Structures are given as structure tokens and as C-alpha cells.
Amino acid sequence: MRRLAANQAVQEAKTAVEDQTPSQKNWLSAALQTLQEPSKNIWYAVRIPLIAIILALLVGAVILALSGADPIVAYQALFRGAFGSARYIQRTLEKATPLIFAGLAVAFGFKAGIFNIGAQGQLLMGALTAGFVGFAVKGLPPAIHIPLALVSGAVAGALFGAIPGALRAYSGAHEVITTIMLNYVAINITDYLSDGPLKDTSPGNIVARLPLIEPSAKIPLLGPVPVGFIIALVVAGLIAYVLERTTFGFEINSVGLNPHASTYAGMKTKLLIVSALVVSGLLAGVGGAVETQGVVGRFQPGFNTGLGFDGLTVALLGRNNPFGVILAALLLGAMRGGANLMQFDAKVSANIIDVIQGLMLLFVTADVLIRTVFRLRKDKTSEISLTTSWGGK
Amino acid sequence: MSAITQTAENNNRGKNKNWGTWGLAALITAVIIFAYFQNPNVTEAVLAATVRYSIPLILGALCGIYCERAGIVNVGIEGQMLMAAFLAYMVNVWTGNLLLALIVGVLTGAVIGLFLAFLSVSVKLNQIIGGTVINILATGITGFFYVVGSTTQGKLGPIVLGPLASLPIIGRALFSNAPITYMAFILVAVSQVVFFHTRWGLRTRAVGEHPRAADTLGINVFRTRYVSTIIGGALAGLAGAFLTLEGVGSFERGMTNGRGFIALAVMIFGKWNPIGAMLAALLFGFANALQTQLQFMGVNVAHQFIGMIPYVLTIVVVSGFIGRSRPPAAEGTPYEKE
């Protein structure tokens, strides 16, 4: 039944697409095609992740029960904390927003065969720069100030991503080493600036942090929906378009699949590797900027910890597909958002979220396990291109 | 097999041409000797801190070498270390038996290694994902079950190796350490011999370079990969046990603090060779010890800049001195029997 309904939905969406003007049609059908291309059927695309999520929650429940908590009470609190009211939904979306950007950043790297562990550092640089532009530039209308801060965050992230990109392309230093190291460099830079030259000097403040950003730089809400989340959706669509429908996207994909063949085919492989990391860093940087301008309201060290690494999970859970990234980020955002209430109501440590998140990732990617148990046929969605080695073969 | 000869050539080329590395080693030695004549106590303290800091990196990098030489990428070293550190600590809290705690730590690492081998060899899961899963689960499980406020009766104490320990400059740093530190250095030597001078090592490297050829010659690729990954896991477990039983003496959430990832960098830095990795780890440890010491002496630079030194140094060295380092050829790809 569900398969039928899903099929019908796709058909209806297709007809709707055909009614659009040509330019809209192009974009929408590209999006739709990405959604259904590998399998021709939405149910085929979502059944493995769905089973994986349910399995992960079940194993999580066993661990909760073992530790003496009531899993049902805990999960109810988790769900209410994520979706129970407009305020909670807003928090879920707020949590999901930087995860979409970080997930897109990592996924874009993967497409080019680059393992960007440095999303964390690029995100920090973006968050810091947006925080600086947010408070240091005064007297601008929001229509200019908001995008200005966002763009400067993006540029900072892109520049910070360009470093490992250039090193990889022109000196052969592997991006896994350089991005790990640059993460620590970013932590030190941001710590220094927020405890030194840019420190919040308001009376009584002893914490290392930047001053509050101007109200004109703050990203507003649309009802319960943070505008940052809408920007994230648009950017995800844009990335899907770039990857699926442009020459640049094609070249990125082919460098990821086989850099030697791409060089042989006349592509500028080195430049493509640099630009892949620049785009990746740019996305992470915007993620940090949105977090600063939309949620925290200033840059403060320690407020963005782990987002970059969660981005890795999001990219893998979302199977490296921009729309998958959105869904995965929403799921993780809901769990991270709901965790507060769960901790408060059910007295359960929020670390259980990490356990469930790890299990989801395991079950969704090790889909052979699920296929064997549930006797499902193999489909092409299980094949994702990732970097396979440090060597960048 | 040509791939293997090629590796040997690469290694030899590295040895002959790597003036940068030799220059750096000579420079550091000169600085240490100079510093020793200026202030022997501080110099010895810095060297001891260097060793202390590098031990988990050495063991973690050895873990990586065992896995990757057999063709398994292990990005889960961080998680293996963290879980082992946690369980070794808990056993120490419950029983107070340090030997038992050490064994549990090593076994924890080995079991996670078995899990990684199962995922990568049998399930044919992408190995980077497998490692990431291990990292996330380890963070979650240790964070979930750790209760603040538990105490232990003690940690592994130093064994002073008689007159060796009173040698100038290196005596205190090398010959008055606790057991795991000695074990780490012995394991480096043993691994170097095992990998490059035994049949087992040659076979393991063959599996990492060209599993099809190895298979044709009758080497059991699957078993080799399982065994190597489990040994690697045990080494990462030892690194974790070092943190809670010897280095710090207690556990805290996320205490590995990226050491597993730095161990990966150290492994690549050391070109997948045990001794190379050890030297890289010592260099990293030295930069860190120096940083702490400069901070302690109140050098008038913001401490964050000094804190950056080891990381920037690694980037500079990796991009300048080493250039393109080449991993085992078949790494990261599951082997399919025909």
C-alpha cells in the first residue's frame, strides 16, 4: 500500500512539474530526479534508513533499560522535546540548520574524493568572522548587514578550506592530516581572538567571547521557522543542482571517482581539488555564521564544538545526497533538540543520543545486515562513492 | 608483487633523499644538548614530558600501521582508545588490580578491532564509516555509563632501570618509566622486525598491496586482515590503558581528546613504518612538551600561539619535507574472492 501511495505521489509531483514554466521545471525535475533516480521509487530509497532508525531506537531502548531508566518515558520526553510545541520545533530546526551546512560540506568533499575532517575548523572560522562583522560593523540596515556577515563567514570558511586544498593539490600533503591539524589551529586562533583583541569588554564580563552582534545582523524567525533553516534548504537545492546539472559538478564527481582518468580527459584535477575544498569550507563557514547570527547571537568558544564531526555523520546518513543530508540533519537536530527535555524529565544522560546516532549510522550504512535479516533485495541506493584511501588514488 | 618491490624502492628513496628529516633531527638534538648545558633539570623534564605525551600516539600509530598494512583503514583508533581507557579505569575502580585492568584495556581494543574487521572484511562496509561508527559509539557509551566521582587506589608506577636512569640528558626520560612506556618502545622494535624481516610481515604487506596476488599465492586474505586488525585494536587498547592506568590515572569524558586522529597523522607522517611513526610521535610530543614548558616559564606570547606550534609544525613538515607519502595500495577496498 505504502509503495502504491509513494508511487502516486511521485506521479503527481511529475505532473505538477510538467505544468511549471521551463526554468522552474528544470530545477524541480532535477531535484525530483535526484530523489528517485537510483531506485525509481521513494519507498526503495527510504526503507533501509527507516528500518535502521527503528533498530537503532530499539537497541537504544535496551541500553536505557539496562541502565535502569524507562525507555518509553525517555523516548516520549525526547519526542516532546523535539516536536511538542512551536518553541521545541523551532529549536529542532535551529539544531538542524548548522548540521545541514556541515553535512553538505562533508558530502561535497566526498564527491570529489576528499575526506574533509576539517569542517569543524572551517565552521569555527566562519562563526568567528560572522560574529566579528556582526558587532564591529554598525549602522547598516538588516537587508545589508545580515548577508554581509553571512558572506564574510562563508569567505573565512572557504579560505580556511583553501589551505588544505592547496596543500593537497600542490604539495601532496594529505588532507586528512592537514585538516585535523587545522582544526586545532582554528581552535587556538578563535580562542586567542575571543580572549584577546576581540574580547567582549562589557562591564563584569570575564568569559572569553566576542561582544553581542548588532540587532541588524541577527537572522530573524518566520513564525517558528528560523530563516537560517530556509537558507540551508535553498543552499542544499543549489548544491544538488551544481552537482547534478553543471559541468563543474560533473568534473567534481569524476575527480572523486577517478582523478587519473579526469586528468587524462583534460580536466584541471589540481584546481578541482582546491575548489572542492573551497566549496566545502564555504558551506561549513556559512553553517558557523548562521549559528552565530541565528542562534547564539555572538561568537563564543565552545558553543560550536562537535558540529563539524556531526556533519560527517549527517553526510553519511544522508548518503552523500543533498536531500538526504537535509533529512539526516532534521533527524539529528530533533534528537539533539529533544535531548534536553529527556535529560530533565526522564533523568537520562543525553549521551544516549550519541549511542543511538552511532547505531543509526551503522545500520544505515551496513545495510547488508538489514537486507539479510529482512530479506530485501539489493538496490543501487546502497552504492555511495566515498574516498577510499588516504592516497587519493 | 611489483607493488611490494615498489614500496621497498620508495622506502629506500626516502632514506637516501630525506635531508630535510635528518636536518630537523640534527637541529633538535643540537637544541636539546644546548638546553641541557643551560638548565639540565628543565631539559630533562621536557624530555620526560615528550615521552609521556608520545606514548599513546606511538601505540595508536602502531594500531594504524597493523590495520593499514593489511589494507584496512582504521579511523576508529580514537574510539578504541576511549573505550579501552574507560573499561580499564572501571576495572581499576572495581578491583584495584592494575594488571587485570591492563588486560581488560587491551582486550577491549582487540574486541573493537574484531568488530571493525567484521564490518570491513565480512560485511564489506566502507571502512571510514566503520571507524566513524566506532568513534561515535565509544563517545556515547563511555559518556552514558561514566559516573563522576569514582576513585581508584593508584596507577602504574615507574620502574627505574638502575644506572641507566642516571645517564645525562636521556636517562630520566627513557629509563625511569612505568611498564606501558617500556612496552611501547619494545613493540615498536618488534613491529619493525615483524613487518620487514618475517614471512608473516611480508604476507601481511602483500595483502595490503595486492590482495588478489596474495590470494593466488595461497595467503588467506580474510584471515590476515582479521588478525592484523585485532592486533592493531589490542595496541590501541594499550594506548587507552596507558591514559587511565599510567598517564593520567583517572577517566574523564572524551579524555582521548583527538589523540586517535593525531596518531593517524603520525602514522602517515612516519610513512607506515613503526620506527618512522615513533620518531614522528616523539617530534609531536616534543613540540607539545616545549609548548607547555614555554607557557610555564611565562614566555611573553599568547599561549594559544605556542599551543599552535605542534599542529603548524606537523603541517609544515608533512607538506614540505615528506611530500607525497604513499599508502598501501589496496587500502580501504574490501576484497572479493573470485
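Residue numbering restarts at 1 for every chain, and letters A, B, ... go by the order of the sequence lines. For clarity, every value in this text was computed on a predicted model and none was experimentally measured.
Residue contact with chain B, scored on non-hydrogen atoms closer than 4.5 Å, is absent for A:Ile187. Interface remark: A:Ile356 contributes no atoms to any contact with chain B (heavy atom separation under 4.5 Å). Using a 4.5 Å cut-off between heavy atoms, A:Ile353 makes no contact with chain B at all. For A:Ile163, no part lies under 4.5 angstrom from a heavy atom of chain B. If you measure heavy-atom distances from B:Leu125 to chain A, the contacts under 4.5 Å come from the side chain alone. Within the 4.5 angstrom heavy-atom criterion, atoms from both the backbone and the side chain of B:Ile141 approach chain A. Residue contact with chain B, scored on non-hydrogen atoms closer than 4.5 Å, involves the backbone and the side chain of A:Leu361 alike.
For the residue pair B:Glu78 and B:Thr256, a side-chain donor N or O sits within less than 3.5 Å of a side-chain acceptor on the partner.
Between B:Asn74 and B:Gln80 there is a side-chain heavy-atom pair separated by less than 4.5 Å. At a threshold of 4.5 Å between non-hydrogen side-chain atoms, the residues A:Leu312 and A:Phe309 do not count as touching. In this structure, the side chains of A:Ile114 and A:Arg168 come closer than 4.5 Å at one or more pairs of heavy atoms.
Closest heavy-atom contact between A:Val364 and A:Arg319: O-NH2, 3.0 Å.
Taking B:Thr142, B:Val312, B:Thr132 one by one and counting their heavy-atom pairs under 4.5 Å with chain A, the maximum is reached by B:Thr132. With chain B as partner, the option from A:Ile189, A:Asn351, A:Leu362, A:Val185 having the largest number of non-hydrogen pairs under 4.5 angstrom is A:Asn351.
The pair A:Lys347-A:Asp70 fails the salt-bridge criterion, with no side-chain N (NZ, NE, NH1 or NH2) lying under 4.0 Å from an Asp/Glu carboxylate O.
The OG atom of B:Ser228 sits 8.5 Å away from atom CD1 of B:Ile72, with the distance rounded to the nearest 0.5 Å.
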